[in-house]
Amino acid sequence: DIQMTQSPSSVSASVGDRVTITCRASQGISSCLGWYQQKPGKAPKLLIYAASSLVSGVSSRFSGSGSGTDFTLTINSLQPEDFATYHCQQACSFTSLSFGGGTKVEIK
Amino acid sequence: EVQLVESGGGLVQPGGSLRLSCAASGFTFSRYWMTWVRQAPGKGLEWVANIKQDGSEKYYVDSVKGRFTISRDNAKNSLYLQMNSLRVEDTAVYYCASGYCSSTSCSRYFDYWGQGTLVTVSS
């Protein structure tokens, strides 16, 4: 099974900052990676799929990059509504999917 | 509008059983892969199980194999998760989820989520 490791587990940032979150796969997954945003008590929301494709309606402040084993989610000009927990997900096959441990973006 | 509504969660003793349901509406349920994802308190997301459109393929995370069974009833637009031999570590919010399907393929990312149902395993 493919293990996904996110870092950092939490980050403190201010409004207007740029935040970068990384996700590493235990083996190559091509571009089969998604990013989700989750706010307390709510279901996750898909932001990015196929490593760098932005879901329709999601702010262009969010961008994703990477392929193989190393991936990055970048949030430019952090806004108050962006304070949340972010999860990566490898999506190579329905036979086995997996998520990273999550990264909490907190207000500094 | 796509809606997924889970039910069936609650408090159960270790070794007990519980059956979760997910009622789907707003899309052609029979054309979609369906998935259960769980989240333990204060923890990350964990994929639990998948089921193909016609129920012919089912996949599970190792930690629930032999204990949990995913199933669906396309006539009732419903997804189920039968959970047996429950353990304390199965305590989590359980989400029903699915990804968009075109006429030729289905996404393995989750565009649609329910609100979740809490399962607590404790004596």
Side-chain angles (χ1 to χ4, degrees), chain A residues 1-10 21 23-25 29-58 64 71 73 84-106, chain B residues 1-6 9 22 24 32-65 70 72 92-102 105-118:
Chain A
D1 293 350
I2 301 172
Q3 312 301 320
M4 306 302 295
T5 303
Q6 271 183 251
S7 60
S9 57
S10 66
I21 299 167
C23 184
R24 176 165 288 175
I29 59 169
S30 185
S31 296
C32 302
L33 188 99
W35 290 98
Y36 298 80
Q37 177 192 66
Q38 187 180 28
K39 296 184 177 180
K42 300 294 186 181
K45 172 188 174 183
L46 181 64
L47 301 176
I48 287 171
Y49 62 97
S52 60
S53 297
L54 199 65
V55 171
S56 176
V58 172
F71 301 86
L73 173 70
T85 298
Y86 294 85
H87 306 271
C88 64
Q89 178 220 337
Q90 68 82 11
C92 282
S93 170
F94 277 117
T95 62
S96 180
L97 303 171
S98 52
F99 291 88
T103 296
K104 187 174 184 179
V105 178
E106 301 175 297
Chain B
E1 179 193 5
V2 171
Q3 277 204 319
L4 298 170
V5 180
E6 301 94 338
C22 172
Y32 283 66
W33 276 82
M34 296 299 299
T35 297
W36 287 99
V37 175
R38 68 184 179 183
Q39 186 170 35
K43 302 296 184 182
L45 301 169
E46 181 180 38
W47 167 74
V48 175
N50 279 338
I51 186 168
K52 195 177 179 180
Q53 292 94 325
D54 60 1
S56 62
E57 295 181 34
K58 304 175 184 181
Y59 302 102
Y60 301 88
V61 68
D62 285 347
S63 60
V64 309
K65 283 179 183 175
I70 189 171
R72 64 191 296 162
V93 173
Y94 284 73
Y95 294 101
C96 165
S98 186
Y100 174 74
C101 284
S102 69
S105 65
C106 289
S107 172
R108 294 181 292 274
Y109 305 98
F110 304 119
D111 302 272
Y112 313 123
W113 295 76
Q115 84 288 351
T117 187
L118 177 62

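Computed from a prediction, not measured in an experiment: that's the story for all the values here. By convention in this document, chain letters (A, B, ...) are assigned in the order of the sequence lines, proteins followed by strands, and residues within each chain are numbered from 1.
Using a 4.5 Å cut-off between heavy atoms, B/Tyr95 contacts chain A through its side chain alone, with no backbone atom that close. Heavy atoms closer than 4.5 Å to chain A are found nowhere in B/Val61, neither backbone nor side chain. Heavy-atom distances place the side chain of A/Gln38, and not its backbone, under 4.5 Å from chain B. When heavy atoms are compared at a cutoff of 4.5 Å, A/Lys104 does not approach chain B at all.
No other option in A/Ser93, A/Ala91, A/Pro44 has as many heavy-atom pairs under 4.5 Å with chain B as A/Pro44. Between chain B and the residues A/Gly41, A/Ser98, A/Cys32, the largest count of heavy-atom pairs under 4.5 Å involves A/Cys32. Ranked by heavy-atom pairs under 4.5 Å with chain B, the first of A/Val55, A/Leu33, A/Asp1 is A/Leu33. Contact count against chain B (heavy-atom pairs under 4.5 Å) is highest for A/Ser96 among A/Ser96, A/Gly100, A/Gly102. Chain B forms the most heavy-atom pairs under 4.5 Å with one residue out of A/His87, A/Gln6, A/Gln90, and that residue is A/His87.
In this structure, B/Arg108 CZ and A/Thr95 OG1 are separated by 9.0 Å, a value rounded to the nearest 0.5 Å. The distance from atom CH2 of B/Trp113 to atom OH of A/Tyr36, rounded to the nearest 0.5 Å, is 5.5 Å. For the atom pair A/Leu97 CG and B/Leu45 CG, the distance stands at 12.0 Å (nearest 0.5 Å).
A/Lys39 NZ: more than 12 foreign heavy atoms inside a 6.0 Å radius.
Nearest heavy atom pair, residue A/Phe94 against residue B/Trp47, reads O-CZ2, 4.0 Å.
Counting heavy atoms from C-beta outward, A/Gln89 and B/Tyr109 have side chains that approach closer than 4.5 Å.
At distances below 3.5 Å, not a single donor-acceptor pair connects side-chain atoms of B/Gln39 with backbone N or O atoms of A/Ala43.
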